[in-house]
2 protein chains.
Amino acid sequence: MARAETAAIDKRRLILDAAVRVFARQGFHTCRVSDIADEAGVAYGLVYHYFSSKDEILDTLFLERWNVMLAAIAEADASQLQARDKLRAIAGFIIDSYRHDPELMKVIIVEVTRAANTFGRTHLATIRDAYAQIAGIVARAQAEGVFRTEITPEFAALAFYGAVEQVLTGWIFDSVPVDDEELERSKTLIVETICRGLEL
Amino acid sequence: MARAETAAIDKRRLILDAAVRVFARQGFHTCRVSDIADEAGVAYGLVYHYFSSKDEILDTLFLERWNVMLAAIAEADASQLQARDKLRAIAGFIIDSYRHDPELMKVIIVEVTRAANTFGRTHLATIRDAYAQIAGIVARAQAEGVFRTEITPEFAALAFYGAVEQVLTGWIFDSVPVDDEELERSKTLIVETICRGLEL
DNA sequence: GCCGACTGACTGACCGGTCAATCGATCAAA
DNA sequence: TTTGATCGATTGACCGGTCAGTCAGTCGGC
């Protein structure tokens, strides 16, 4: 029983991991469910044993990762760091996520976050949770007199997240892979560029 | 002859304009070519008389508009303005484009610029022309000692464009329409946020 | 009567999802 | 220990709907 249970969980995971590779390579709309099954080394029908639709696979991948990110943002927010360092932690988390699993980040950004007409629409509220939390950090920094109040928190959050995502998108479609050093440098660059505009 | 020619050009334009509305409403992948023909009040086959494929319609819409934007950026670049005001002009142009035709901007951003796996891929080089030109403005400002050199021009361009696009995306999917005043305020906000981080 | 704009029914490929059948682990009864 | 009943995991052929693109033909100006 334990053996079978583990095997079952593994197969589900196997399909999810295969889907990441296939979505990253071919894109969600362009790939066929059979491509995922083939990549996972699994029969076509098994995909539908674990997931009710092709969409549900992408939903699962997105929510798994986005919830981790929301938790990371909440943790940064709850910490005793300076506002600038909270934002640095968030940018750092996103960039480290890319370092750790670029294919997954590509899928999430390209197929969900930036695919506002399809999955982005479905998950709009969840995506906006992240913006709202970042806006909260900015608002608190403004109340404490660390950030100036000319720029609305919501706007600051969009600009901050937009800058991070655009940089990631640049990497995602670069032919040359990025080295760790540039990843690290970018964390500082983002915070330097955006926070300096927000601080007093 | 002149009559017929004009009529022909009109029909082509009619189809393009209808396509903007349909793409904005339903999304490129979700709509059918017949939807475009119906919206334009034209026979299905006529769409294929003027365009060789569904893709070509979107390509045309994108290139038409993007080339105008590239020209606007080049004009700002060539002007005698301060770097900050050049960037302001660019942000202003993009925001005014949205004001003038929000549906077209929605289509371009959602279906091309942010659709990195489909049309974004095809037009990647064209899209990056814009980033490169913005980077050029930043680089010149750095050489003149107006902007600090810690941040690479390429990075600054991504952050700038990313912030603008993210703000537009926010409007595009907001249920509440944006009033002119907020549009104007946003131009200043973007420049204030980003340029302040770039200036010495 | 020629030429090009225009029409819209049709087709062929494609693909998401279904389902009937098989496999194999487990366990209780013989 | 063997048998066979049970049930979830697994398989992949197949179905049905959708739609981009074709094409044979009509219409109308010159």
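Proteins get letters first, then strands, A, B, ... in listed order; numbering begins at 1 in each.
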- Query: Do other residues, nucleotides or ligands put more than 12 heavy atoms under 6.0 Å from the CD atom of B/E75?
  - Reply: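 No, because the 6.0 Å sphere around CD of B/E75 holds 12 heavy atoms or fewer from other groups.
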- Message: Can you tell me how the ring of B/F62 sits relative to the ring of B/H123, calling it parallel under 30°, perpendicular over 60° and tilted otherwise?
- Response: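 Geometry flag for B/H123 against B/F62: tilted rings.
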Could you state the atom-to-atom distance from [atom1] of [X] to [atom2] of [N] in whole Å?
X: A/D10; N: D/dT10; atom1: CG; atom2: C1'; result: 15 Å
X: A/K11; N: C/dC23; atom1: NZ; atom2: P; result: 15 Å
X: A/R12; N: D/dT10; atom1: CZ; atom2: P; result: 13 Å
X: A/L46; N: D/dT11; atom1: CG; atom2: P; result: 6 Å
X: A/F51; N: D/dT10; atom1: CZ; atom2: C1'; result: 15 Å
X: B/I36; N: D/dG21; atom1: CD1; atom2: P; result: 11 Å
X: B/I15; N: C/dC6; atom1: CD1; atom2: C1'; result: 10 Å

- Euclidean distance, B/D179 CG relative to B/R185 CZ, rounded to 0.5 Å: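 Going from the CZ atom of B/R185 to the CG atom of B/D179 covers 7.0 Å.
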- Query: side-chain contact (heavy atoms from CB on, under 4.5 Å) with B/R21: which residues, sequence neighbours excluded?
  - Reply: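 Scan of B/R21 (side-chain contact (heavy atoms from CB on, under 4.5 Å), adjacent residues dropped) gives B/D17, B/A18, B/R25, B/E39, B/E103.
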- Query: Got a sec, which residues hit ring pair (Phe, Tyr, Trp, His ring centres under 6.0 Å) with B/F119, two or more places apart in sequence or on another chain?
  - Reply: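 Per chain and number, B/F119 pairs via ring pair (Phe, Tyr, Trp, His ring centres under 6.0 Å) with B/F28.
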What's touching nucleotides 14-17 of chain C from the protein side, N or O pairs under 3.5 Å?
| from | atom 1 | to | atom 2 | distance (Å) |
| --- | --- | --- | --- | --- |
| C/dG16 | OP1 | A/C31 | O | 3.3 |
| C/dG16 | OP1 | A/K54 | NZ | 3.1 |
| C/dG16 | OP2 | A/V33 | N | 3.0 |
| C/dG17 | OP2 | A/Y48 | OH | 2.9 |
| C/dG17 | OP2 | A/K54 | N | 3.1 |
| C/dG17 | N7 | A/Y44 | OH | 2.5 |

- Heavy-atom pair with the smallest gap, counting every atom of A/A37 and A/Y44: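 For A/A37 versus A/Y44, the nearest heavy atoms are CB-CA, 3.8 Å.
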- Query: Does C/dC6 have OP1 or OP2 sitting under 4.0 Å from an N or O in the side chain of B/H49?
  - Reply: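 Answer no for this pair, as no side-chain N or O of B/H49 is under 4.0 Å from OP1 or OP2.
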